[in-house]
Amino acid sequence: MSRIEIRDSAFKLIFEQLLRNDNIQELYEVAEEVEEIKLNDEVRKMVDGTLEHSAELDEIITKYSKSRKLSRISKINHAILRIALYECLYDERTPDNAAISEAVNLANTYSYKEDANFINGLLGAFYRDRNSEGENA
């Protein structure tokens, strides 16, 4: 699977988990049964890591979302933001700018243009702050 396919499958599982609040193991089983979502160890690693750090990721989303409270962000956008921030913070193989670009691509595919702009703005602000902190360290 390509990195884009891994991210897409992870997005679908995280979105489903946010939407239904089901146990992720049950969602993995359903995904394997219906074969609509590609599933492998890389997808599981991204999903499990994102869910493991979801409280921290949600704090970051809340901090950088100036126009919307977390509860007002659609589940689609919430899932996309969680994955992008997880990749920025915990996936050393993915450069921040690639994670942000791919998040915008997911939003363009599954959400509205305005939402892609919102995601790009939020992640861009996070990226700028993160890089300026690194320069000051």
Side-chain angles (χ1 to χ4, degrees):
M1 286 178 78
S2 72
R3 193 71 181 160
I4 292 171
E5 291 171 318
I6 291 166
R7 190 178 293 105
D8 188 75
S9 291
F11 157 73
K12 290 173 182 172
L13 287 161
I14 291 169
F15 169 68
E16 190 75 20
Q17 197 276 331
L18 279 167
L19 193 64
R20 298 174 24 169
N21 202 28
D22 287 348
N23 178 293
I24 195 61
Q25 295 306 321
E26 291 174 22
L27 293 176
Y28 287 152
E29 291 170 15
V30 170
E32 287 177 334
E33 286 175 22
V34 297
E35 298 179 359
E36 289 181 13
I37 299 173
K38 295 179 183 178
L39 196 57
N40 66 15
D41 289 342
E42 289 294 314
V43 172
R44 283 185 172 92
K45 180 180 176 182
M46 184 177 285
V47 170
D48 292 344
T50 301
L51 294 176
E52 179 182 335
H53 296 283
S54 61
E56 174 192 4
L57 302 174
D58 287 352
E59 284 179 25
I60 295 168
I61 294 167
T62 299
K63 175 181 177 182
Y64 287 96
S65 178
K66 305 299 183 199
S67 61
R68 304 177 197 176
K69 293 184 182 225
L70 186 62
S71 63
R72 302 291 296 161
I73 296 173
S74 74
K75 302 293 186 204
I76 289 173
N77 296 334
H78 192 172
I80 292 169
L81 287 165
R82 275 186 175 178
I83 290 170
L85 289 167
Y86 169 78
E87 286 189 291
C88 289
L89 294 169
Y90 297 104
D91 187 343
E92 295 174 1
R93 297 176 301 160
T94 305
D96 290 355
N97 60 347
I100 293 168
S101 177
E102 290 301 321
V104 171
N105 288 340
L106 280 173
N108 283 327
T109 300
Y110 295 107
S111 198
Y112 299 104
K113 180 170 178 34
E114 301 82 29
D115 291 336
N117 293 338
F118 168 74
I119 286 170
N120 190 45
L122 187 149
L123 293 173
F126 166 77
Y127 176 79
R128 285 186 297 279
D129 284 355
R130 184 171 183 209
N131 284 333
S132 69
E133 288 171 9
E135 291 171 5
N136 296 330

Revision key, fill the gap. Salt bridge (Lys or Arg N to Asp or Glu O under 4.0 Å) pairs touching residues 73-90, sequence neighbours excluded, are R3-E87, R7-E87, D58-R82
Going from [atom1] on [X] to [atom2] on [Y], what distance comes out if it is rounded to the nearest 0.5 angstrom?
X: L122; Y: Y127; atom1: CG; atom2: OH; result: 15.5 Å
X: N105; Y: Y110; atom1: CG; atom2: OH; result: 11.5 Å
X: I60; Y: L70; atom1: CD1; atom2: CG; result: 12.0 Å
X: L19; Y: H78; atom1: CG; atom2: NE2; result: 12.5 Å

Exercise for review: Dump the intermediate steps for side-chain contact (heavy atoms from CB on, under 4.5 Å) on Y64 and L81, then the final yes or no.
Suggested key: CA-CA 11 Å; Y64 287 96; L81 287 165; over 6 Å; no
Compare every heavy atom of [Y] with every heavy atom of [X], then report the nearest pair and how far apart it is.
X: L18; Y: A79; result: CD1-N, 3.7 Å
X: C88; Y: R130; result: O-NH1, 2.7 Å
X: I14; Y: I83; result: CD1-CG1, 3.5 Å
X: V43; Y: A10; result: CG1-N, 4.0 Å
X: L39; Y: Y28; result: CD2-O, 3.5 Å
X: A116; Y: N108; result: CB-OD1, 3.3 Å

**Study point:** Counterpart residues, side chain to side chain donor-acceptor pair (under 3.5 Å), relative to E32 (two or more places apart)
**Key:**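 E32 satisfies side chain to side chain donor-acceptor pair (under 3.5 Å) with R44 once adjacent residues are dropped.
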Check your understanding: Which residues satisfy the side chain to side chain donor-acceptor pair (under 3.5 Å) test with Y90, sequence neighbours excluded?
Key -> H53, E56
Review point. Side chains of S74 and N77: is there a donor and an acceptor less than 3.5 Å apart?
Key: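 Yes - a donor-acceptor pair under 3.5 Å links their side chains.
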Practice item. For Y112 and N117, test the side chains for any donor-to-acceptor distance below 3.5 angstrom and give the result as yes or no. Key: no
**Study point:** Close side-chain approach of D8 and K12, heavy atoms under 4.5 Å
**Key:**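 Result yes, sub-4.5 Å side-chain heavy-atom pair found.
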Check your understanding: Within a strict 4.5 Å, meaning less than it, do heavy atoms of the R72 and S65 side chains meet?
Key ->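 R72 does not reach S65 side chain to side chain.
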Check your understanding: Are R93 and E42 ion-paired here, with the side-chain N under 4.0 Å from a carboxylate O?
Key -> yes
